[in-house]
Amino acid sequence: MSTTSAKSATSSTDVTRAEICVVACAEAWRGDGEMLAAAMGTCSVLGARLARLTFEPELLTTDGGPLLTAEAVPLGAPAGPVEGWLPFRDHLWLVQNGRRHVMMGASQIDRYGNTNISAIGAWSRPKSQLLGVRGAPGNTICNPTSYWIPKHSTRVFVPKVDMISGVGYDRAAELEAELGVGASRFHDLRRVVTDLGVFDFATPDGSMRLVSVHPGVDVEQVVAATGFELVIDGEVPQTRQPTDEELRLIREVLDPRSLRDREVRSLRDREVPSLRDREVPSLRDREVRA
Amino acid sequence: MGVVMTTEEIVGSLESGMTIGIGGWGSRRKPMALVRAICRSPLTGLTVVAYGGADVGLLCAAGKVSRVIAPFVTLDSIALEPHFRAARQNGTIEFTEYDEGMFMFGLLAAAHRLPFLPTRAGLGSDVMRVNADLRTIRSPYEDAEELVAVPALTLDAALVHMDRADTRGNGQYLGSDPYMDDMFAKAAARCYLSCDRMVAPGELDGPPQTLLISRMHVTGVVETPNGGHFTDSGHSTDGGPGRDEAFQRHYATSAADPQAWTAFTDRFLSGDEDAYQEAVRRWHEEETTR
């Protein structure tokens, strides 16, 4: 495939929100080097592969299944040439080993980055049973973790999660106090990307900070969609635009069928999410990993 | 060494109240023919140990389960398992919810006759809150690190489905992921194997690393063609049965509505395995001519 033939993708005016999100997800893996980029959800998977194709070429990525692909492959494409094998058992060992940065989904997240994918309501008899904790406890305590949340709302961004599946900064600090210094030394929540903005935990007490808002989103909108107090210092910058090369890779190579637009819909549709969309982290078949 | 048995003989050798491990992962290579046979049996009060999918759902729907031990229950391409959700939300089952890695360590401990194995996974999460009998253990070495002691998941019986097996009970998988099936076999006092195709000893062709299960761990083996239906064999790219997505959707839709579920059980689950396979074949015929 020629890198120059296609007429250029684009001007920044026709960049979609989904494409902004893909690049914001990709940025989560910047600087990681040679480790597994484990991703869940369309924009997150695209982000991992885009990072590998551009600024983070040493990353390892999968076919969405147990194969480590020799090159980053398009969404849903066959693995093609393979450079490694990572069946579930080895994936779970890799969590313990730590050379893995996972970007998970969350049905609920609180200000310290505790997340819930297990159940809504009282755990003993939930109002809504979701997936179960899956690999979230081990992921968050053993290797770097980020989150991709396609629909930012007060239903997801809550004061307190009902069941802590993924461990947040307040719990990590409690562990240090209870079990001794170093007990949470591998706990490392990096960033949260949503359809509205980018967040991190670079605050003295590890509470969530608004890093940037996506183009077309204002800070008030983010605040209104968040059920707890966000740390906002000074002027909040805009999330960066994709480069022309990134847009070309997203549109022509990684996701020519525009599956990203099904995950991040236009703003017009945001007001009426379905019940399932509200409660379940975005999960595609075969992208459901530990 | 395994002996060739029928599904009815295998299920007849199980007892109410047993702890039964089920191989596969989510909606992948589940021993569904054996699960369907349990649903037809008088067994009750089972503790089911699984990376759960429709196996757990069907057994819950049939009233066979008193406790589920799992890190998740999912149909993969459909995120949530309707029968498991209903059982949890109606309070009809107990649930032991572990992280995926903890769960594997529990199997590994049982497979190696250890009382527990230590891991960081679980620390700081509500897995420790909802499983009040989980204990931590301090490293006896200089680091003195405190870790979760995951108790052995010792099984009375394990059920796993292989692509092929020989009449002695050696099992072979042809997909790209062995899941934890060999660990289930070793963690169990008795392991029963179902397989798509049974061959004579010495006739399991293919690379030796595909020979996942050894006869030394197997009590009984049965040929159940397409017995993993509707779950994914994991090698549909080379002609193996893929997940029957259309039928899985029919299952999930029916499961969400009591009347539809009655119709589903009448049509598909009221006879033996041959009747099931025939009913599914007819259903597909109707769907394609509609």
Side-chain angles (χ1 to χ4, degrees), chain A residues 65-67 78 85 87-89 91-93 95-96 114 116-119 121 123-142 161-168 171-172 174-175 178-180 182-184 186-187 276 279-286 288 290, chain B residues 25-27 51-52 68 70-81 84-91 95 97-105 108 119-130 136 138 143-148 175-180 182-183 232 234 237 243 245:
Chain A
L67 303 177
W85 184 46
F88 281 117
R89 61 183 63 196
H91 206 109
L92 297 180
W93 281 111
V95 171
Q96 312 269 323
N114 296 293
N116 177 18
I117 53 172
S118 172
W123 182 87
S124 55
R125 188 167 170 186
K127 187 163 63 125
S128 178
Q129 172 68 42
L130 305 179
L131 287 166
V133 294
R134 294 211 68 135
N139 287 344
T140 46
I141 210 69
C142 293
V161 304
D162 295 337
M163 164 84 181
I164 294 178
S165 312
V167 177
R171 284 298 192 102
E174 282 169 30
L175 268 186
E178 285 166 20
L179 301 183
S184 63
F186 302 121
H187 179 266
R276 215 185 118 198
E279 292 185 345
V280 183
S282 172
L283 295 164
R284 289 188 65 250
D285 188 22
R286 305 209 319 144
V288 184
Chain B
W25 177 289
S27 190
Y51 290 97
V68 171
F72 60 77
V73 182
T74 180
L75 300 173
D76 292 324
S77 51
I78 297 169
L80 303 181
E81 214 300 330
F84 172 69
R85 296 193 83 192
R88 280 280 286 146
Q89 290 164 195
N90 297 330
F95 186 29
E97 184 170 7
Y98 283 173
D99 163 87
E100 290 170 357
M102 290 175 69
F103 187 99
M104 179 172 77
F105 276 33
L108 283 169
T119 176
R120 290 187 188 89
L123 289 177
S125 78
D126 276 349
V127 164
M128 304 304 286
R129 170 174 69 86
V130 302
T136 57
R138 193 168 285 278
D143 57 88
E145 187 166 356
E146 188 109 358
L147 300 159
V148 181
S176 51
D177 198 320
Y179 312 122
M180 311 298 173
D182 49 331
M183 299 179 208
D232 190 351
T237 47
R243 184 180 301 128
E245 295 287 0

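Order of the sequence lines fixes the chain letters, A, B, ..., with proteins taken first and strands second; residue numbering starts at 1 for each chain. As the structure is a prediction and not an experimental result, all values here were calculated from the model.
- In plain terms, the two heavy atoms of A:P66 and B:D177 that are nearest each other are CB-OD2, 4.0 Å.
- Between B:F105 and A:W93, the two ring planes are tilted [angle within 30° to 60°].
- Ranked by heavy-atom pairs under 4.5 Å with chain A, the list B:R88, B:R138, B:R129 is led by B:R88.
- Across B:E146 and A:L179, no two heavy atoms sit closer than the pair CG-CD2, 3.7 Å.
- Across A:S128 and B:Q89, no two heavy atoms sit closer than the pair CA-OE1, 3.2 Å.
- Side-chain atoms of A:V133 and B:M102, non-hydrogen and from C-beta on, never get closer than 4.5 Å to each other.
- Rounded to the nearest 0.5 angstrom, A:R171 CZ and B:M128 CE are separated by 10.5 Å.
- When all heavy atoms of B:L80 and A:Q129 are compared, the pair lying nearest together is CD1-O, 4.1 Å.
- With chain B as the partner, the residue from A:N114, A:V167, A:T140, A:I164 showing the most heavy-atom pairs under 4.5 Å is A:I164.
- Here the straight-line distance linking atom OH of B:Y51 with atom CZ of A:R134 works out to 10.5 Å at 0.5 Å rounding.
- The most heavy-atom pairs under 4.5 Å with chain A, out of B:G91, B:S176, B:A87, come from B:S176.
- Taken to the nearest 0.5 Å, the CG atom of A:N139 stands 7.5 Å off from the CG atom of B:D99.
- Without hydrogens or angle criteria, A:R125 side chain to B:N90 main chain gives a donor-acceptor distance under 3.5 Å.
- Atom-to-atom distance recorded for A:L130:CG and B:F72:CZ is 14.5 Å, nearest 0.5 angstrom.
- The two residues A:S118 and B:E97 have their closest heavy-atom pair at OG-OE2, 2.7 Å.
- Of the inter-residue distances, the one linking B:E100 atom CD with A:L92 atom CG reads 5.5 Å to the nearest 0.5 angstrom.
- If you run side chain to side chain contact (heavy atoms under 4.5 Å, CB included) between A:P137 and each of B:V127, B:L123, B:T119, B:D126, only B:V127 comes through.
- Interface summary for chain A: among B:G101, B:P178, B:G122, the most heavy-atom pairs under 4.5 angstrom belong to B:P178.
- The residue among B:E145, B:M104, B:M183 with the most heavy atom pairs within less than 4.5 Å of chain A is B:M104.
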